[in-house]
**Q** 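Below you will find the structure I want to go over with you.
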Amino acid sequence: MNKRVKRLALGAATATVMMMASLGPAMADTVLKFISWQTDDAGTGEWWHSAIAEFEKQHPGVKIEFTKAERSSYADTMTTLFAANQPPQIVHLASFEFQMFADSGWLEPLDPWLKKDGIDMTGWAGQKTCEWNGETVCIMTNYFGFVMAYNKKILDAAGVAVPKTYDEFLAAAKATTKDLNGDGIVDQFGTGHETKGGPGQYLTEMLNYIIDAGAYWTDKDGNITIDTPQMVEGLTRWKTVMKSGISPVDMSASDVRKLFADGKMAMRMDGPWLYGTTEKGTAKSDIVYAVPPLTPPLGGSSNVLAMPSDIPDDQKQLVWDFIKLTMTPEFQRTYATLGGNTPPSPKADVSGVEKTIPHFPVLLQTMKAASEKGIDRVPIGLELYYNEFSKMIMEETQRMIIQDLDPAEVAKTMQSKAESIKG
Amino acid sequence: MTDTVRAGRRKFFDLARPSRQHLLGYILIAPAVLMVAAIIVWPLILAIDLSFQQVKIPRLGGASRPFSLSNYTWLFSSEEFWLACWVTLKLVVVVTAGSVAVGLSTALLANNRFRGRTVARLGMALPWAVPEIIAVVIFAWMFDTSFGLFGWLAIQLGFSDQMIPWVSSSTAAFWAVAITMVWKGFPFVSIMCLAGLQSIPSDYYAAAKVDGASVFQRFRWITMPLLMPVLGVTLVLTLLWVFRDFSIIKVLTGGGPLRSTQTLSIMTYDQAFQYHNFGRAAAVGVLTLVICIIASLLMLGRRSKSIY
């Protein structure tokens, strides 16, 4: 009898523990996973945190787990998570990497959600990039235009004016590239380009000169347009810049930005995020922001928000609520005031932002100029093959520089290889 | 439950019985075997299966694609693959030879009695103790084309009149990777050889000295033959390390410029995470495994013949 009682008691205890354990998750907060490379970015990171705080205030019992993944390994992380069937509920991707996920059918079409809430996306900068196979699969979070920051002290010391054209830019960069202590090593550069951050970044740096020469990788119908006189001119300019020693070579973006911010570089063409670095640099007071001498300015879509297609419906609603919150005019304004970015919403009130970010009008001007010309870093028709395409272009360009090849021949090779990649 | 049944069960599970002792052994190693199967064998089977499917990004639990040899057909007709094989082979030969030369030399040195021997041994092992990624970042700075220490030294010593483009010249990039790998790899050879040297009885050397053998003869006819078992295994392990190493190349050159440092492991990564061709990446991985197995068998076979 005793044994029976003991067994019954043990069974009851086990059942109670199991029941409590199963009730646990249901009673706990709903957690949405949100992975980003911008968690601690100056300005932008704070903006994300403010959006999360507001969302959690509006949705008691729902928490957003905001986790950082380094940008350099971000695409790998997201690929692994999607492949393992464990994507985060809030999907944050660069605008040149969401296509592979959308093409696999892993991103939720957002048109029904937009329609349900009556959200008009007309005029939303870069939103067209988020259309994949006729469906809206993401919301463009950032669309930007490149600016040129210059060190006034260095330009004044060399006696050169702020350049307005490519030729003036090249002359100014040559005049300000110097070996200041005579040890045979250049320690002040005219400009700086990142050439160590991978093919995508390499192409972005090149594109400044290529667009100014009137060239681009593809036309609006997705046809490859590399073998053109304009592209030959663009490649020639890039070759000139890289071979003339006016830029440090084999440097990562953060190193180049740091050099500029610390007064070791005269001019730097970059996106709005450069401001975060220059504000912390030792040459902060000498740095001025201006419209780039290369026109139209390079720009384009930067990053997007999306949601996975196979999460439960109640989670989809929560994710959509978060995305919608970031799209409100209030948060679009703070994207500028707090993040220092150009908000894509046409309804964003950005008046007075220049009081805290003096060069904000320049950012807006270049963003609009790039947007009007339809400039983007990802060529139409090559979205799915962008990594392969950019690696091919980088390698052929490196070959041109290392082996001193004729840009006209290189353009022909690139054209043929790009057509082969596209199939 | 009757006492007879209970006794029968006890008898069956009596692992102390001599006839049941092998069962105890199997039970004890079962967790380790299962663990190895879960983390090595199962992914290996998945990779082999994936290599025979034309798949961009696979999804765990997703439906399999039809059997296809297209990944291997592409691989064998791809210039990229043969170039990666050639770069891997060059790197394996250079780094293994360099590591063995430096490692054996330092081991011979540290095997002698001299003041500061403990410090020398510690210094010898230091590169091995430094985490690989930290070592590579330090080397990346030293090889920096604009401000790197090696470029500065080359100018100061008059070897060059300008900074050396370590990472944007195909030849320089290969040697930058090889030097870093030798620096990271030689302590392992050194430690293994030192252990091997200390196991050689000193009587052999004393007898050889009495017979009038020179230093070189003692090294050739005593040290080397007795060290070969250790050296053989060390060579195989070093070779496999060079084959699979990823972080040094990825951080220093990323496989460039012009794929001059793109080894099979870098190619596997690029195919998977850059181009999202997981089927092709799996095929490169499987072939790398086959090459490693063949190389190891050849090396171990040679070692076994060389003992004594």
Side-chain angles (χ1 to χ4, degrees), chain A residues 72-87 97 99-101 103-106 179 183-187 189 192 195-200 202 242 245 247-252 255-256 259 264 310 384-391 394-399 401-403 421, chain B residues 46 50 55-62 80 83 137 140-141 143-149 151-158 160-173 176 250-260 262 267 269-278 280-281:
Chain A
S72 55
S73 57
Y74 193 78
D76 303 358
T77 307
M78 294 305 276
T79 304
T80 310
L81 287 171
F82 269 96
N85 232 340
Q86 298 286 326
E97 66 197 10
Q99 293 85 354
M100 179 55 72
F101 302 102
D103 200 58
S104 301
W106 295 342
D179 170 13
D183 64 353
I185 299 171
V186 173
D187 32 32
F189 292 93
T195 53
K196 207 186 172 186
Y202 194 96
M242 296 316 289
S247 164
V249 290
D250 306 328
M251 274 205 170
S252 66
D255 291 339
V256 172
L259 268 185
K264 303 282 183 191
D310 51 4
L384 272 182
Y385 318 101
Y386 183 65
N387 285 350
E388 207 169 346
F389 170 77
S390 55
K391 184 151 188 178
M394 182 182 81
E395 283 182 355
E396 293 310 317
T397 310
Q398 285 177 333
R399 202 185 310 280
I401 295 167
I402 293 170
Q403 299 174 3
I421 288 170
Chain B
L46 282 182
L50 206 58
V55 59
K56 299 287 274 182
I57 306 181
R59 200 153 206 201
L60 209 62
E80 188 185 346
L83 181 63
V137 170
W141 273 104
F143 282 119
D144 185 84
T145 306
S146 305
F147 304 104
L149 175 70
W152 178 82
L153 275 176
I155 292 175
Q156 300 307 314
L157 298 172
S160 172
D161 56 353
Q162 57 183 7
M163 294 294 278
I164 300 166
W166 288 104
V167 187
S168 50
S169 151
S170 302
T171 313
K250 185 67 188 165
V251 174
L252 270 184
T253 64
L258 307 180
R259 306 189 185 199
S260 59
Q262 183 178 277
M267 188 185 172
Y269 169 82
D270 278 355
Q271 284 297 331
F273 291 103
Q274 296 290 309
Y275 310 152
H276 297 122
N277 282 323
F278 275 74
R280 287 181 181 179

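Numbered from 1 within each chain, the chains take letters A, B, ... in sequence-line order. Note that the coordinates shown come from a computational prediction; the quantities given were computed from them, not determined experimentally.
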**Q** Under a 4.5 Å heavy-atom cut-off, does chain B meet the side chain of A:Met251, its backbone, both or neither?
**A** side chain

**Q** Quick check on B:Leu258 against chain A: is it the side chain, the backbone, both or neither that has a heavy atom closer than 4.5 Å?
**A** both

**Q** Quick check on B:Tyr269 against chain A: is it the side chain, the backbone, both or neither that has a heavy atom closer than 4.5 Å?
**A** side chain

**Q** Let me know if B:Gln162 has heavy atoms under 4.5 Å from chain A in its side chain, its backbone, both or neither.
**A** neither

**Q** Distance from B:Phe278 atom CZ to B:Gln271 atom CD, nearest 0.5 Å?
**A** 10.5 Å

**Q** Does A:Lys391 form a salt bridge (Lys or Arg N to Asp or Glu O under 4.0 Å) with B:Asp270? I'd like the steps, not just the answer.
**A** CA-CA 10 Å; A:Lys391 184 151 188 178; B:Asp270 278 355; 2.7 Å; yes

**Q** Mind running side chain to side chain contact (heavy atoms under 4.5 Å, CB included) on B:Glu80 and B:Gln262 for me, showing each step along the way?
**A** CA-CA 9 Å; B:Glu80 188 185 346; B:Gln262 183 178 277; 3.2 Å; yes

**Q** A:Val186 versus chain B, heavy atoms under 4.5 Å apart: side chain, backbone, both or neither?
**A** backbone

**Q** Which answer fits B:Val251, side chain, backbone, both or neither, if we ask what part of it has an atom under 4.5 Å from a heavy atom of chain A?
**A** backbone

**Q** Quick check against the 3.5 Å criterion: does B:Ser169 have a side-chain atom that pairs as donor or acceptor with the backbone of B:Trp166?
**A** no

**Q** Identify which part of A:Phe82 has an atom lying under 4.5 Å from any heavy atom of chain B, answering side chain, backbone, both or neither.
**A** both

**Q** What part of A:Leu81 lies closer than 4.5 angstrom to a heavy atom of chain B: side chain, backbone, both or neither?
**A** neither

**Q** Could you state the interatomic distance from CD1 (A:Ile185) to CD (B:Gln156), rounded to the nearest 0.5 Å?
**A** 6.5 Å

**Q** Evaluate side chain to side chain contact (heavy atoms under 4.5 Å, CB included) for A:Asp183 paired with B:Ile155, printing each intermediate quantity in order.
**A** CA-CA 9 Å; A:Asp183 64 353; B:Ile155 292 175; over 6 Å; no

**Q** Which region of B:Ala272, side chain (C-beta onward) or backbone (N, CA, C, O), has a non-hydrogen atom less than 4.5 Å from a non-hydrogen atom of chain A, or is it both or neither?
**A** neither

**Q** When rounded to the nearest 0.5 angstrom, what distance separates CG in A:Leu259 from OG in B:Ser146?
**A** 7.5 Å

**Q** Should B:His276 and A:Thr79 be marked as a side chain to side chain contact (heavy atoms under 4.5 Å, CB included) after you check the CA-CA gap, both sets of side-chain angles, and the distance that decides it?
**A** CA-CA 9 Å; B:His276 297 122; A:Thr79 304; 3.5 Å; yes

**Q** Contact part of A:Asp255 toward chain B, heavy-atom cut-off under 4.5 Å: side chain, backbone, both or neither?
**A** side chain

**Q** Pick from A:Thr195, A:Asp310, A:Thr80, A:Asp187: which one has the most heavy-atom pairs with chain B under 4.5 Å?
**A** A:Asp310

